[in-house]
Amino acid sequence: MIIKVSDIEDRAVVEGAIEASKLRDMEGYGDVAFLRPANYELTAGKNGGIIVVKGRIACTLTLTCSKCLEEFTLPVETFLDIELAPKALMPSASELELTGEDLDIYYYEGDEIDLDPFVYEELMLSIPIKPVCKEDCKGLCETCGGNRNYEECRCSGVSHTLLGEKLKSFLN
């Protein structure tokens, strides 16, 4: 989604969707699959020379559970809040102490700004590092590999490793 800086007088509302196929092209995040387009409703406004973009982004993903390795769907709803400044306003000092506010400003060139990378980045930041299909997921048995969500494991549940035995003898 490209917005023209010259078209933003005071405030501009942009609604639409980024196709799942376009998001798939950006994927590089392991076992993430976009099921539906990412819908967005963004407001772009000018505050001096800075453009402030805020709004809601929502999509549905397919992820792999980090405990039981089953696929599950996860609805994601997040909020984009960024500031964009012309590249001419970028500080030129080679050694510059950044503040927290400086980290929230992005710079652009020309009259057009592509917001797709910002939407994609916000979606990626909303994905849990270790996705879990449900809060009470029991995961896989360490010994036999069975999914404990579907059936009780019949193995002893105690696995003996060479390293474990050496540590026991060391501690005793």
Side-chain angles (χ1 to χ4, degrees), residues 1-94 96-137 139-140 147 149:
M1 146 190 58
I2 295 177
I3 60 170
K4 287 190 171 208
V5 177
S6 58
D7 291 346
I8 304 171
E9 292 175 16
D10 182 38
R11 216 176 71 137
V13 177
V14 183
E15 293 182 23
I18 301 174
E19 289 301 317
S21 61
K22 189 171 182 183
L23 291 167
R24 259 184 237 114
D25 292 342
M26 293 185 204
E27 283 180 32
Y29 192 87
D31 297 326
V32 176
F34 291 90
L35 291 179
R36 295 188 187 95
N39 296 311
Y40 57 85
E41 184 178 326
L42 304 174
T43 303
K46 284 186 179 176
N47 185 7
I50 296 176
I51 297 171
V52 178
V53 180
K54 293 183 180 186
R56 184 189 66 78
I57 306 165
C59 73
T60 304
L61 305 171
T62 298
L63 299 170
T64 302
C65 180
S66 62
K67 288 185 174 183
C68 67
L69 303 179
E70 295 285 327
E71 284 192 350
F72 69 101
T73 58
L74 177 71
V76 174
E77 188 163 326
T78 186
F79 193 80
L80 180 68
D81 185 2
I82 58 171
E83 293 180 355
L84 300 154
K87 202 164 193 171
L89 297 178
M90 184 186 306
S92 60
S94 61
L96 178 70
E97 185 176 335
L98 296 174
T99 64
E101 295 170 2
D102 295 331
L103 298 175
D104 293 333
I105 295 179
Y106 297 92
Y107 297 95
Y108 68 91
E109 285 185 283
D111 189 45
E112 294 181 341
I113 302 171
D114 185 8
L115 294 178
D116 286 353
F118 300 109
V119 170
Y120 179 75
E121 180 181 349
E122 194 64 37
L123 286 172
M124 289 293 104
L125 290 172
S126 299
I127 298 171
I129 293 172
K130 293 200 179 256
V132 180
C133 60
K134 55 186 176 183
E135 279 189 42
D136 61 341
C137 178
L140 301 176
N147 189 336
N149 291 319

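These numbers come from the heavy atoms of this one structure, side chains and all, not from hydrogens, waters or symmetry mates.
Each of Leu35, Val119, Val76 was evaluated against Cys59; a single residue qualifies, Val76, per the side chain to side chain contact (heavy atoms under 4.5 Å, CB included) test. For the side chain to side chain contact (heavy atoms under 4.5 Å, CB included) criterion with Ile113, the lone passing option out of Ile51, Ile2, Val53 is Ile51.
Counting all heavy atoms, side chain and backbone alike, Val13 lies closest to Arg11 at CG2-NH2, 4.2 Å. Closest approach of Asn147 and Leu140 over heavy atoms only: CA-CD2, 3.8 Å. Pairing each heavy atom of Cys68 with each of Cys133, the nearest pair is SG-SG, 3.8 Å.
Distance check: Arg56 CZ to Glu122 CD gives 13.0 Å after rounding to the nearest 0.5 Å. Residue Thr60 holds its OG1 atom at 4.5 Å from CZ of Arg36, rounded to the nearest 0.5 Å. Taken to the nearest 0.5 Å, the CD1 atom of Ile3 stands 8.5 Å off from the OH atom of Tyr108. Atom OG of Ser126 sits about 12.5 Å away from atom CZ of Phe79, to the nearest 0.5 Å. Residue Leu61 holds its CG atom at 6.5 Å from CE of Met124, rounded to the nearest 0.5 Å. Separating the CD atom in Glu83 from the CD1 atom in Ile105 is a distance of 5.0 Å, to the nearest 0.5 Å.
Residue Lys46 places its NZ atom among more than 12 non-hydrogen atoms of other residues, nucleotides or ligands, all under 6.0 Å distant. Within 6.0 Å of atom CG in Asn47, 12 or fewer heavy atoms from other residues, nucleotides or ligands are found, so the atom counts as exposed in its surroundings.
Using cut-offs of 30° and 60° for the angle between ring planes, the Phe118 and Tyr106 rings count as perpendicular.
A distance-only check finds a donor-acceptor pair linking the side chain of Ser66 to the backbone of Pro131 [under 3.5 Å].
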Stepwise side-chain contact (heavy atoms from CB on, under 4.5 Å) check, Ile18 with Leu123: CA-CA 12 Å; Ile18 301 174; Leu123 286 172; over 6 Å; no

Full working for side-chain contact (heavy atoms from CB on, under 4.5 Å) between Phe72 and Thr62: CA-CA 6 Å; Phe72 69 101; Thr62 298; over 6 Å; no

